[in-house]
Amino acid sequence: MDSTYSMEERFQLRIDKEEKIEARDWMPDAYRKTLIRQVSQHAHSEIVGMLPESNWITRAPSIKRKLALLAKVQDEGGHGLYLYSATETLGINRDELIEQLHTGKAKYSSIFNYPTLSWADIGAIGWLVDGAAIMNQVALCRTSYGPYARAMVRICKEESFHQRQGYDILLTMCKGSEAQKEMVQDAVNRWWWPSLMMFGPNDDASPNSAQSLKWKIKRLSNDELRQRFVDATVPQAEILGISLPDPLLKYNEKRGQYDFGPIDWDEFFQVVAGNGPCNKERLAARVKAHEEGAWVREASVAYAEKQKNRLLSDVAVA
Ligand code: BYC
């Protein structure tokens, strides 16, 4: 490589050639910082995302639904763990990451600050929230940082099962009584707009997008992903026989895409600032689980120490 290139220029050339950046490779500090921010916030979202759904495990309407929901919530925990591990490859440890979540320094997805009021909300979360998450995460399978990209491949496979379990709940309810169909409509009315907000602010108000796109941390912009989600979701709503709560939603023949109404960004920024309906409850639940789980962490450290000593004494005998 020509030595007239700076480290930053060589790094960008690797990105431009679609080479994956690995943990031990040189990277600009700002690239590392952006990744730690995004991947850890993604991990926190998976972990906090377990709360609204686990609220319904004991009340799932059948053993089949209970098993599927249990498996889904466990999967989210697993996703959080892969993503914490991917973040740790960037030189930050788990305790720091958890502390950032618990002190409110790190964000997590706005969507998990809304309550789950009925069983139909579990269907709506699977269909809309996991649907939005997949749209974003399929693109992230091509992100430039190797450990993040590889974690995404497995996460996407599991997320597509989640999306289908949600849609299946709604399809079943929509074929049921009038009251069940109304429950679905009510849940979709409440989850539609917050799901569109998951993709983040409009491109012209997204401070991180330009650099993240250049570094190929993000592969598509917030607005591109949001549009793709709307286009994929509207036909699915038609199959369910429900409406989406947007009077301006309309197919635009010229663009070959759906036009949709304005998003309430005041609501989004209020939720992100900690003032959503469930922010305090969610953080309190995470802090409590962490404190009450201290004995599990201590026991596993003691067990690992015991195993290590046993191994050392076996080696000494041999
Ligand atoms: N909620 O410059 P921008 C899931 C923040 S699903 C809260 O566009 P960026 C799951 C943003 O962090 C969800 N905050 O940022 C599904 C930034 O603030 P900071 C998890 C948000 O990073 C079902 C500021 O607004 N998915 O896991 O370029 C069950 C300006 O935004 C949100 C991911 O995390 C939001 N919705 O783009 C269980 C995917 N949107 O950090 C679990 C990975 C924006 O500068 N992340 N902000 O203080 C991404 O793709 C990107 O980080 C985003 C935002 C598209 C979310």
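In what follows, residues are counted from 1 in the order of the sequence shown. As the structure lists them, so they are numbered: ligands from 1, and atoms in each ligand from 1. What you see below is based on every heavy atom in this structure, not just the backbone, and it leaves out hydrogens, waters and symmetry mates.
Residue Ala133 places no N or O, backbone or side chain, under 3.5 Å from any N or O of ligand 1. For ligand 1, the polar-atom distance check against Lys218 finds a nitrogen or oxygen pair separated by under 3.5 Å.
For atom 21 (C) of ligand 1, the closest heavy atom belonging to the protein is Phe268 CZ, 3.8 Å. Counting only heavy atoms of the protein, atom 23 (C) of ligand 1 lies nearest to Asp130 OD1, 3.3 Å. Glu46 OE2, 3.1 Å is the protein heavy atom nearest to atom 27 (O) of ligand 1.
Looking at Ile125 against ligand 1, nothing comes within 4.0 Å, counting heavy atoms. Residue contacts with ligand 1 for Phe112 involve side-chain atoms from C-beta outward but no N, CA, C or O (heavy atoms, distance under 4.0 Å). Contact annotation: for Asn222 versus ligand 1, heavy atoms closer than 4.0 Å belong to the side chain alone. When heavy-atom distances to ligand 1 are checked against a 4.0 Å cut-off, Tyr108 comes that close only through its backbone atoms N, CA, C and O. The proximity of His79 to ligand 1, defined as any non-hydrogen pair under 4.0 Å, does not occur for either the backbone or the side chain. The part of Gln38 lying near ligand 1 is the side chain, judged by heavy-atom distances below 4.0 Å. At a 4.0 Å heavy-atom cut-off, ligand 1 touches Arg37 through the side chain alone. The proximity of Pro201 to ligand 1, defined as any non-hydrogen pair under 4.0 Å, is limited to the side chain. With a 4.0 Å cut-off on non-hydrogen atoms, Tyr148 touches ligand 1 through its side chain and not its backbone. Heavy atoms of Glu76 found under 4.0 angstrom from ligand 1 belong exclusively to the side chain.
Less than 4.0 angstrom separates atom 42 (C) of ligand 1 from at least one non-hydrogen atom of the protein.
For atom 44 (C) of ligand 1, the nearest non-hydrogen atom from the set Gly200, Ser206, Gly276 comes from Gly200. When Gln163, Lys107, Arg226 are checked for heavy-atom proximity to atom 19 (P) of ligand 1, Lys107 turns out nearest. Nearest-residue assignment for atom 17 (C) of ligand 1 (options Asn208, Asp223, Ile155, Thr34; heavy-atom criterion): Asn208.
Each of Gln137, Arg164, Met152 was scored for a side chain to side chain contact (heavy atoms under 4.5 Å, CB included) with Glu159, with one residue passing: Gln137.
Remark: Lys20 does not engage Asp25 in a salt bridge, criterion side-chain N to carboxylate O under 4.0 Å. With respect to Arg24 and Glu22, no salt bridge is recorded, no charged nitrogen being found less than 4.0 Å from a carboxylate O.
Those atoms of ligand 1 with a heavy atom of Phe199 less than 4.0 angstrom away are 55 (C).
Ring geometry for Phe269 against Trp265 counts as tilted: the plane angle lies between 30° and 60°, on a 0 to 90° scale.
By the 6.0 Å contact criterion, CD on Gln307 is enclosed, its count of non-hydrogen atoms from other residues, nucleotides or ligands being greater than 12. Residue Arg37 places its CZ atom among more than 12 non-hydrogen atoms of other residues, nucleotides or ligands, all under 6.0 Å distant.
Across all their heavy atoms, Ser144 and Tyr31 have their closest contact at OG-OH, 2.8 Å.
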